[in-house]
Amino acid sequence: MDEKLLKPYDPKTTEDRIYKLWEDSGFFNPDNLPGDRKDTFTLIMPPTNANGSLHAGHGLVMTIEDIMVRYKRMRGFKTLWLPGLDHAGFETQVVYEKKLEKEGRTRFGMDPKVLYKEILDFTLTNSKNIKSQIRKMGASCDWSREKFTLDDSVIKTVYQTFKRMNEDGLIYRGNRIVSWCPKHQTSFSDLEILDEERIDNFYYLKYGPFTIATSRPETKFGDKYVVLHPDDKRYSEYTNGQKIKLEWINGPIEATVIKDEMIDMEFGTGAMTITPWHDKADFEIAERHNLDKEQIIDEYGKLLPIAGEFAGQHIKKARPLIIEKLQKKGLVEKIDEGYKHVVRTCYKCGTVIEPQIKSQWFVKMKPLAEKALEKINNEEIKYVPEHYKKITTYWLENIMDWNISRQIVWGIPIPAKICTKCDHGMADIENKISKCEKCGDEVKQDGDTFDTWFSSGQWPYVVLGYPDNNDFKTFYPTDIMETAGDLVFFWVARMIMLGLYVTGKVPFKNVYMHGMVLDAKGQKMSKSKGNVIDPLTLTEKFGTDAFRIGMVVGNTPGTSLSLSEDKIKGYKNFANKIWNATRFVLDNTKNFQIPTNPEYDEEDKKSDEELRVLMKEITKEMDEYKFYIVAEKLYHYFWHTFADIIIERSKKKILNNTNADSAKVLLYTQLTTLLKALHPFIPFVTEEIWSMMPHSKNKQLLMIEKWPS
RNA sequence: GCGCGGUUAGCUCAGUUGGUAGAGCAACCCGUUUACACCGGGAAGGUCGUAGGUUCGAGUCCUACACCGCGCACCA
């Protein structure tokens with residue numbers, strides 16, 4: 001017997017060695033797998049953010065996905081798990097900005113090329129670290145196919161898609177309201193914006209014969225349209241287009257009456273003035289009635305010359321001063337304190353979003369969403385857990401156009417030229433256009449980059465080498481997309497839409513969403529709270545196997561998981577239990593030939609049957625992604641049936657030599673079966689034990705053994 | 001405002017088509033039996049959020065409500 005077995009199981013001296021064994025075997029690459037494997041199983045790893053180190057959420061991703069992959073590999077599938085790293089556009093830029101800040105620098109004013117190079121170096125350095133951490137988790141992914149979201153091949157395909165969408169009329173450039181973050185100096189899509197409930201003052205201001213209500217008096221300088229509902233009897237004397245002279249913040253103005261059904265007669269006074277440059281709803285009214293639009297607030301949140309004496313002031317500081325002036329002029333009717341409303345903020349820094357009109361690239365989403373809805377509704381894509389289907393279809397049914405321009409350097413440059421005179425935008429992936437195709441004037445390169453999700457939304461077919469690569473033909477559509485629940489719109493829905501648009505096929509047949517990893521008290525982990533659990537500290541302490549099985553037991557898809565050290569510790573004991581049980585089994589089956597047709601006594605026969613039944617159940621549950629229940633059942637069976645009953649029972653039989661052979665056969669075959677079944681969950685300890693089994697000399701790695709269904 | 005999820009043993013959570021409530025951890029008692037004290041044996045612990053309804057029978061289905069968490073929304 002192997003001498004290692006005489007001591008307790010030691011993950012530290014085992015895991016790296018075993019991982020190397022796997023990696024050197026080449027079996028992570030589906031092309032090298034033994035046997036005739038007709039059916040493929042493909043899983044694309046969500047590209048890991050390369051800007052930091054592995055956190056608990058990554059630990060969960062690697063665990064669940066590796067379980068899926070190892071199981072399918074053992075089931076005889078030609079199994080591909082394709083790893084990738086994410087440059088993570090805006091996310092990384094924010095991380096890097098913080099670094100710059102610490103060094104007393106700022107990205108503004110920096111040469112974009114220098115900044116880009118710096119972030120690239122930073123990312124590449126960190127990515128080495130990330131990759132070794134992924135290996136630590138035991139991930140059996142095919143490193144030979146690894147991709148980075150800024151690889152040339154990725155950019156090439158993304159450009160092709162942009163060009164094609166543009167030709168198909170799915171992309172347009174235009175002056176539209178965008179969500180602008182005054183701190184980060186970039187626009188966002190609607191998904192990067194958070195709604196935050198706030199309590200503010202609500203001001204009732206006299207606007208000629210009307211009273212208007214607003215929470216943002218600082219936007220009102222240019223308001224020259226008053227909008228009323230056509231059916232509002234209170235205002236029936238006023239007609240659409242009617243001019244009214246009135247005294248306003250900085251002097252007399254002429255206002256125009258607009259009748260629009262969008263007005264809610266119940267709200268405020270039923271009369272509203274509009275600021276089309278800084279409010280989406282107002283913008284739409286202005287578009288409908290073809291009204292003037294004027295910028296009041298600049299990109300940094302400061303008032304423009306139209307604000308007169310307030311010009312140059314930051315809106316936050318100006319607001320009370322403006323109210324003071326209005327009060328002096330007798331234009332404030334009343335102020336409601338404690339007005340509860342929703343403010344939109346930047347999801348990264350919490351700064352209040354200032355809507356601005358900007359000329360940027362937008363994707364027309366309706367036609368894309370309709371195709372996606374069809375495939376989801378007819379179950380060509382299935383969701384686990386199912387309720388994500390409802391969430392997705394609701395979002396798709398109410399989809400808004402997607403702003404894909406970002407004013408940051410860290411990303412894929414938008415391949416387009418912009419006319420310096422008429423602002424016409426032209427897709428130009430070959431960099432050939434030198435004159436505006438509309439007015440013939442000079443053009444300049446679009447300085448913006450793509451929203452990072454525009455490229456990662458194309459990930460499944462991009463990484464497989466669409467359209468000509470063999471991998472694309474073999475492995476696409478992929479089988480499952482496993483990712484965090486909060487990416488259901490950001491990423492999953494967009495992959496479906498873009499995948500259908502570009503390849504005509506769904507990018508994956510199943511979506512499996514896992515929940516968030518919370519701390520032991522069920523609170524969100526955050527650096528400021530100081531409750532962040534580092535998965536690598538846990539694997540260091542208890543072993544990767546213990547961490548992995550601790551992550552899945554009782555963790556149903558979609559729901560968040562509370563992670564505690566005690567739980568992981570319990571599974572460290574489990575790994576050791578298996579280790580010790582193996583010692584007993586091997587000790588007692590020394591020099592014993594396992595017969596091909598074993599004869600069991602009555603109770604052993606029952607036990608043999610019991611495990612077969614269990615394996616049938618488990619196999620079904622594995623196919624239904626119920627890893628949480630399989631892990632628990634295996635744990636329970638191993639400990640409380642195999643160890644507590646079968647091993648204990650065998651002691652007497654072997655000692656008294658009554659039905660000893662039956663006992664020995666049962667011990668050996670059950671251990672063998674259980675090692676295989678446990679392997680996807682706790683790959684290291686099972687592989688290590690496998691190598692010490694007497695049959696192992698001529699045998700292959702456990703990772704490619706046949707699953708005992 | 002609309003929607004989604006949750007509410008089951010002290011804690012974390014399971015509970016597949018409705019048929020006498022489960023696991024892990026913690027706590028309690030006993031025990032060093034030749035794989036393992038990173039152990040074994042035993043016992044304890046829940047009117048399944050509330051109120052109705054359907055049913056022979058409801059943790060499970062229906063309806064309201066409460067609380068927690070989350071998402072969506074152009075109410076100035």
Side-chain angles (χ1 to χ4, degrees), chain A residues 1 5-9 177 190-191 193-195 202-203 212-216 219-220 223 226-227 262-275 279-285 339 341-342 344 355 385-392 394-395 397-398 400 485-486 488-489 515-516 518 520-524 542-543 546 549-550 553-556 558-588 617 620-621 624 626 628-629 631-633 635-636 639-640 643-644 647-648 650-652 654-655 667 671:
Chain A
M1 190 167 55
L5 261 185
L6 300 175
K7 293 183 202 152
Y9 172 61
I177 280 268
D190 298 288
L191 291 178
I193 306 304
L194 296 180
D195 291 344
F202 201 42
Y203 306 96
I212 58 153
T214 182
S215 58
R216 301 199 60 195
T219 64
K220 298 279 144 201
D223 287 16
V226 59
V227 188
M262 202 219 70
I263 291 292
D264 180 352
M265 289 186 272
E266 314 275 298
F267 188 85
T269 60
M272 164 176 109
T273 63
I274 56 168
T275 314
D279 186 284
K280 197 180 168 194
D282 294 1
F283 176 84
E284 278 163 19
I285 293 173
Y339 169 62
H341 67 144
V342 168
R344 317 186 78 207
E386 259 176 86
H387 73 260
Y388 274 97
K389 174 179 170 179
K390 242 190 257 178
I391 296 174
T392 301
Y394 182 82
W395 186 73
E397 281 159 8
N398 298 285
M400 287 180 275
D486 53 3
V488 66
F489 308 139
M516 263 206 294
L518 308 172
K521 289 177 195 154
Q523 290 185 315
K524 211 170 169 173
F542 305 112
I549 194 165
V553 170
N555 184 8
T556 43
T559 45
S560 49
L561 166 80
S562 295
L563 181 60
S564 72
E565 241 190 69
D566 280 348
K567 190 174 176 187
I568 307 299
K569 195 173 157 190
Y571 292 106
K572 180 193 179 212
N573 298 348
F574 181 49
N576 200 49
K577 185 80 181 177
I578 299 170
W579 189 259
N580 289 321
T582 303
R583 183 190 308 154
F584 177 86
V585 172
L586 294 189
D587 219 14
N588 285 284
E617 273 173 43
K620 183 166 172 277
E621 284 156 351
E624 292 165 351
K626 292 180 179 168
Y628 60 98
I629 197 99
E632 194 182 312
K633 277 184 180 173
Y635 173 90
H636 202 252
W639 204 306
H640 298 298
D644 289 349
I647 287 187
E648 289 308 317
S650 76
K651 286 177 184 170
K652 281 184 206 151
I654 292 168
L655 204 66
L667 285 175
L671 177 64

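In this text, all values refer to a predicted model and were calculated from it rather than measured experimentally. Chain identifiers are assigned alphabetically (A, B, ...) following the order of the sequence lines, protein sequences preceding nucleic acid strands; residue numbering begins at 1 within each chain.
When each of Asp566(A) and Trp639(A) is assigned the nucleotide of RNA chain B bearing its nearest heavy atom, the one mapping closer to the 5' terminus is Asp566(A). Comparing Thr214(A) and Tyr394(A) against RNA chain B, the residue whose closest nucleotide sits nearer the 5' end is Tyr394(A).
A salt bridge links Asp223(A) with Lys220(A); the closest basic N to acidic carboxylate O contact falls under 4.0 Å. A salt bridge between Lys389(A) and Glu386(A) is absent, with no side-chain N of the basic residue lying under 4.0 Å from a carboxylate O of the acidic one.
The side chain of Ile629(A) has A14(B) as its nearest neighbour among A14(B), G24(B), A35(B). The side chain of Lys390(A) sits closest to C4(B) out of A35(B), C4(B), U34(B). The side chain of Val342(A) sits closest to A73(B) out of C39(B), A76(B), A73(B). Side chain of Lys280(A), nearest nucleotide from C74(B), C36(B), G24(B): C74(B). When each of A35(B), C25(B), C38(B) is scored by its nearest atom to the side-chain atoms of Asn580(A), the top-ranked nucleotide is A35(B). Here the nucleotide nearest the side chain of Asn576(A), chosen from A76(B), C36(B), G24(B), is C36(B). Checking C36(B), A23(B), A73(B) against the side-chain heavy atoms of Arg583(A) singles out C36(B) as nearest. When distances run from any side-chain atom of Ile647(A) to the nucleotides G24(B), C13(B), A35(B), the shortest one goes to A35(B). Distance from the side chain of Met262(A) is smallest for C74(B) among the nucleotides C74(B), C75(B), G24(B). Checking A35(B), C74(B), C39(B) against the side-chain heavy atoms of Asn573(A) singles out C39(B) as nearest.
Rounded to an integer number of Å, the gap from NE2 of His387(A) to P of G5(B) is 6 Å. Going from atom OH of Tyr628(A) over to atom P of U12(B) covers 19 Å, rounded to whole Å. Between Asp644(A) atom CG and G42(B) atom C1' the separation is 13 Å, expressed in whole Å. We find that CD1 of Ile549(A) is positioned 15 Å from C1' of A14(B), with the value rounded to whole Å. In this structure, the CG atom of Asp279(A) is 15 Å from the P atom of A73(B), given to the nearest Å. A straight line from CG of Leu561(A) to P of G6(B) spans 16 Å, rounded to a whole angstrom. Atom CG of Leu655(A) is separated from atom C1' of U33(B) by 11 Å (rounded to the nearest Å). The separation between Glu624(A) atom CD and U17(B) atom P is 11 Å, rounded to whole Å.
As judged by a 4.0 angstrom heavy-atom cut-off over every strand, Ala643(A) is placed among the base-contacting residues. Note on Tyr339(A): only backbone sugar-phosphate atoms sit closer than 4.0 angstrom, heavy atoms only; bases stay farther off. Within 4.0 Å (heavy atoms only), Met516(A) reaches no atom of the nucleic acid at all. Residue Glu648(A) is classed as a base contact, given a heavy-atom separation below 4.0 Å to a base. Within the 4.0 angstrom heavy-atom criterion, no nucleotide atom of any strand lies near Lys569(A). Among the atoms of the strands shown, none is found under 4.0 Å from any heavy atom of Phe574(A). Using a 4.0 Å heavy-atom cutoff across all strands shown, Ile212(A) reaches no nucleic acid atom at all. Residue-level contact check: Gly550(A) touches neither bases nor backbone, having no heavy atom under 4.0 Å from any strand.
The closest donor-acceptor contact from the side chain of Asp282(A) to the backbone of Ile274(A) lies at 3.5 Å or more, if one exists at all. Side chain of Lys567(A) to main chain of Val553(A): a donor-acceptor pair is present (N/O by atom type, distance under 3.5 Å, no hydrogens or angles). Between the Asn588(A) side chain and the Phe584(A) main chain, a donor and an acceptor come within less than 3.5 Å of each other. A distance-only check finds no donor-acceptor pair linking the side chain of Asn576(A) to the backbone of Lys572(A) [under 3.5 Å]. With hydrogens and angles ignored, the 3.5 Å screen pairs no side-chain donor or acceptor of Arg344(A) with any backbone N or O of Ile193(A).
In the interface, the side chain of Lys577(A) is not paired with the base of C38(B) through any donor and acceptor atom under 3.5 Å apart.
When side chains are defined from C-beta on, Thr219(A) does not count as touching Asp279(A), because their heavy atoms never get closer than 4.5 Å.
An OP1 or OP2 oxygen of A14(B) is reached within less than 4.0 angstrom by a side-chain nitrogen or oxygen of Thr556(A). Regarding contacts with the backbone of G24(B), a side-chain N or O of His640(A) is found under 4.0 angstrom from either OP1 or OP2.
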Pairs under 3.5 Å (Watson-Crick or G-U), crossing ones as [ ], inter-strand ones as |: RNA chain B comes out as (((((((..((((.....[..))))..((((.......))))......(((((..]....))))))))))))....
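Comparing the same atom, C1', in U54(B) and in U60(B) gives a spacing of 14 Å after rounding to whole Å. G19(B) and G52(B) are spaced 23 Å apart, taking the C1' atom of each and rounding to whole Å. For the P atoms, the distance from G1(B) to G57(B) is 38 Å, rounded to whole Å. Between the P atoms of A27(B) and C67(B), the separation comes to 36 Å (whole Å). The P atoms of G49(B) and A58(B) are separated by 15 Å, rounded to the nearest whole Å. Distance check on atom P: C25(B) versus C39(B) gives 9 Å, rounded to whole Å. If you take atom C1' in U20(B) and the same atom in U47(B), they sit 15 Å apart, rounded to whole Å. Comparing the same atom, P, in G15(B) and in G69(B) gives a spacing of 23 Å after rounding to whole Å.
Taking the centre of each ring, Tyr635(A) and Phe574(A) come in below the 6.0 Å mark.
A distance of 8.0 Å separates CG in Leu191(A) from CE in Met400(A), rounded to the nearest 0.5 Å.
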message = Test salt bridge (charged side-chain N to carboxylate O under 4.0 Å, His left out) on Glu648(A) and Lys651(A); report intermediate values, then the result.
response = CA-CA 5 Å; Glu648(A) 289 308 317; Lys651(A) 286 177 184 170; 3.0 Å; yes
